[in-house]
Amino acid sequence: MRTLGLGYIGIDSTDPAAWRPFGTRVLGLSEVAARPAGGAGAPACRFKLDERSWRLAIHRAERDGLAYAGWELPGEAALADAVAQLRADGIEVEIADAQLCSARQVCGLASFRDLVGNRMELFWGALADGPFSSPAGVSGFLTGTLGMGHLLLTVPDAARSSAFYQRALGLRVTDCMDMNGGKSGVFLRATPRHHSLALTDLFPVPSLHHFMLEALTLQDVGLAYDRAQDAGAPITITLGQHFNDRMISFYVQTPGGFSVEFGCHGRIIDEATWTVTQFGGSGDIWGHRGPAMEAIATERRRAAD
Ligand SMILES: [Fe+2]
């Protein structure tokens with residue numbers, strides 16, 4: 001099985017109303033009607049960032065974190081093959097009913113849980129309903145054949161989770177980072193985007209560390225950096241550039257407490273020539289300072305002892 005990238009993200013939120021101004025005014029996404037309107041399981045709000053009818057949904061919940069991640073497949077036969085392979089591997093898979101497919105606006109959907117319990121969805125046939133127009137003037141987001149961005153999940157054992165995701169979603173390791181004391185960060189791709197999923201076992205509690213949206217231009221990133229600060233949203237990592245994916249980005253705290261990375265100019269992998277490497281050091285070429293980086297540095301020092 002080979003997935004076509006991260007198609008959508010669902011977020012659990014104790015304060016969905018706070019996501020509205022954050023999504024539109026800070027990130028520059030356009031809010032679209034929730035579907036289905038009201039009812040159990042319906043999102044409180046949804047956002048669009050390209051021609052797809054939505055990419056980010058916020059659900060009212062008792063907790064803040066990842067509700068689900070949707071991974072795209074090319075069609076019905078690919079979904080049937082994926083379900084058969086997952087079940088052959090002993091993974092429990094649930095086939096979505098027509099109501100859930102309609103809510104997600106896809107033609108077909110199946111779900112399973114990863115090793116930590118995160119809900120992963122496989123889908124095909126997403127609805128595209130017209131061009132994106134940012135209420136904050138973002139020129140656009142890099143999606144298309146690269147998917148909508150990436151996720152960083154903290155897990156108890158990065159190597160084990162990496163093996164799981166390579167098997168379950170057909171992801172490929174792009175590179176990995178030595179975080180000291182046997183702790184690591186593993187970066188996995190589904191498309192030529194450097195990574196669609198990153199995993200680290202540096203932190204003690206499994207959670208969503210951040211998700212990433214990639215804007216088209218550096219000006220989009222700079223303007224979003226200004227908007228985040230003007231809105232008083234905490235900058236968890238200042239503007240900087242990662243060593244491995246070359247992304248120029250900053251991180252801002254979402255209403256859920258975790259961060260969103262807003263970047264541009266991420267690395268595109270040439271499948272014909274790419275070789276998996278391991279890297280160390282700070283992980284950055286320049287910048288990327290702030291409380292979330294200090295938390296990483298503290299855990300790395302602890303791991304080294
Ligand atoms: Fe990231």
Side-chain angles (χ1 to χ4, degrees), residues 5-9 11 26-27 29 49 55-56 65-66 69 71 118 141-143 146-155 158 161-162 165 169 171-179 183-203 206-216 218 220-221 224-225 228 233-254 256-269 277 279-297 299-300:
L6 184 62
Y8 56 75
I9 300 174
I11 297 292
V26 176
L27 301 181
L29 313 180
L49 55 92
R55 290 283 196 179
L56 179 67
L66 183 69
W71 298 88
N118 292 307
F141 290 93
L142 190 60
T143 58
L146 300 176
M148 71 169 281
H150 72 231
L151 293 172
L152 169 57
L153 299 176
T154 69
V155 296
S161 284
S162 168
Y165 274 108
L169 292 178
L171 304 186
R172 308 176 290 290
V173 176
T174 301
D175 51 28
C176 46
M177 183 175 184
D178 178 6
M179 302 283 229
K183 306 285 186 185
S184 66
V186 184
F187 298 82
L188 299 134
R189 71 184 181 282
T191 73
R193 168 170 271 139
H194 178 277
H195 61 283
S196 291
L197 178 68
L199 303 162
T200 183
D201 47 17
L202 189 62
F203 297 98
S207 68
L208 170 62
H209 183 274
H210 70 267
F211 67 89
M212 187 282 297
L213 301 176
E214 185 167 358
L216 296 182
L218 183 59
D220 288 326
V221 176
Y225 197 44
I235 301 298
T236 51
I237 300 182
T238 62
L239 193 65
Q241 186 172 26
H242 289 308
F243 174 75
N244 65 335
D245 71 356
R246 299 291 198 264
M247 186 78 73
I248 300 171
S249 61
F250 70 93
Y251 293 59
V252 58
Q253 188 174 300
T254 70
F258 52 86
S259 294
V260 56
E261 178 181 10
F262 195 104
C264 69
H265 299 169
R267 182 177 232 159
I268 296 297
I269 300 300
T277 55
F279 63 100
S282 74
D284 291 294
I285 298 171
W286 57 271
H288 279 162
R289 296 168 186 188
M293 283 308 291
E294 283 159 26
I296 290 170
E299 292 299 331
R300 291 185 73 185

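Just so it is clear, the model here is predicted, and its values are computed rather than measured. Note that ligands are numbered from 1 as they come in the structure, with each ligand's atoms numbered from 1 the same way. The residues of the chain are indexed from 1 along the displayed sequence.
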My understanding is that only one of His210, His265, Glu261 makes a side chain to side chain donor-acceptor pair (under 3.5 Å) with Ser249; could you say which?
Glu261
Checking one value in my table: which N/O/S atom of Glu261 lies closest to the Fe ion (ligand 1)?
OE1
Kindly check if the number of other-residue, nucleotide or ligand heavy atoms within 6.0 Å of CZ (Arg172) is above 12?
yes
Partner of Asp175 under side chain to side chain donor-acceptor pair (under 3.5 Å), picked from Arg189, Arg267, His194, is His194
Please determine whether a side-chain nitrogen of the Lys or Arg among Glu214 and Arg193 lies less than 4.0 Å from a carboxylate oxygen of the Asp or Glu.
yes
Is the Fe ion (ligand 1) under 2.8 Å from any N, O or S atom of His210?
yes
Looking at His150, pick out the N, O or S atom nearest to the Fe ion (ligand 1) and give its name.
NE2
